[in-house]
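Reminder, nothing fancy here: chain letters follow the sequence lines and each chain counts from 1. Fair warning: this is a prediction, and the values are worked out from it, not measured in the lab.
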Amino acid sequence: MILPQEFYFNDTTSVAKSLLGKVLHIQTTGQEFRARIVETEAYLGVIDPACHTFGNKKTPRTKSMYMDGGHSYVYMIYGMYFCLNFVTRTSEHPEAVLIRGLEPLPSDPDIKKKNIKTNGPGKLCKHYHITKALDGVCLWKKKSPLFVSDDNFKVSAKNIIARPRIGVDYAGEAAAWPLRFYIADNVYVSKK
DNA sequence: AGTGAGATGGCCT
DNA sequence: GGCCATCTCACTA
């Protein structure tokens, strides 16, 4: 079943954890790819120095973060890569979950290719052709190029690891907040 | 295994 | 002009 928009209205940390094990459907090139979400990070909006909307900052780039929960936020990083986020809560609370690791499912047309690389936010966007064109799309409609479903795959709480986020050392104390979540022992997690 | 630099461009002040 | 929510490759050892 497709996750309803309300799923994304919950607090961002809970959404980041709940997304582990869910299935992301990507329809960018005509064919449908499916992959299980195995690593996420929470970005807590106006109070989070690591978040693009820290201090309620509004810029052209972060426009979709000010949409209601259940939309995508895609931005370019380092001039070369894109990062995929799911916007959470409401437009008054511009928060999001970064998708950092995906495990391709057997239905993935590319599953037989060797060295498929979907561990890491830049790599997974490159592999699935996720670009700025997919910024601000809704995530709860079957016709959307991106949507998320629950196939009843269970992740037990003890298999959810919480660690500090990656690449946010500039954010002071917030760099140590344990807002990165991943499934224990999964090969498609970006770092150990 | 661990460190460091380069690629590369939009965004922000 | 400087900074990135990254990744790969080359280098040390």
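Residues A:T62 and A:G79 each lie close to DNA chain B; by heavy-atom proximity, the contact nearer the 5' end of the strand is made by A:G79.
Computed from coordinates, the A:N119 CG to C:dT6 C1' distance equals 12 Å when rounded to whole Å. The distance between atom OH of A:Y170 and atom C1' of C:dT6, rounded to the nearest whole Å, is 13 Å. One interatomic measurement links the two molecules: CE of A:M80 to P of B:dC11, which rounds to 15 Å at whole-angstrom precision. Atom NZ in A:K57 sits about 11 Å away from atom C1' in C:dC3, given to the nearest Å. Distance OH (A:Y78) to C1' (B:dG10): 14 Å, rounded to an integer number of Å. Taking atom CZ on A:F82 and atom P on B:dT8, their separation rounds to 15 Å, with Å as the unit. Rounding to whole angstrom units, CZ of residue A:F54 and C1' of C:dC4 are separated by 16 Å. Between the P atom of C:dC3 and the CZ atom of A:R61 lies a distance of 15 Å, rounded to the nearest Å.
Out of B:dT13, C:dT6, C:dA5, the shortest distance to the side chain of A:M65 is found at C:dA5. Side chain of A:R100, nearest nucleotide from B:dT13, C:dA5, B:dT8: C:dA5. Minimum atom distance to the side chain of A:Y81 is reached by C:dC7, of the listed B:dC11, C:dC7, B:dT13.
Under the 30°/60° scheme for interplanar angles, the aromatic rings of A:F147 and A:H25 are found to lie parallel.
A stacking contact links A:Y43 to C:dA5: the aromatic ring centre lies within less than 5.5 Å of the base's six-membered ring centre, and the planes differ by less than 30°.
Note on A:K123: a side-chain N or O is less than 4.0 Å away from OP1 or OP2 of C:dT8.
The aromatic ring centroids of A:F9 and A:F7 lie 6.0 Å or more from each other.
B:dT8: no Watson-Crick or G-U partner with both key distances under 3.5 Å is found in any strand. Across every strand in view, C:dC11 sits in a pair with B:dG2 that passes the Watson-Crick or G-U test at under 3.5 angstrom.
Salt bridge status for A:D151 with A:R36: present, with a side-chain N to carboxylate O gap under 4.0 Å. Between A:E41 and A:R100 there is a salt bridge, since a side-chain N of the basic residue sits under 4.0 Å from a carboxylate O of the acidic one.
Between A:R165 and A:Y43, the shortest heavy-atom distance links the atoms NH1-CD2, 3.3 Å.
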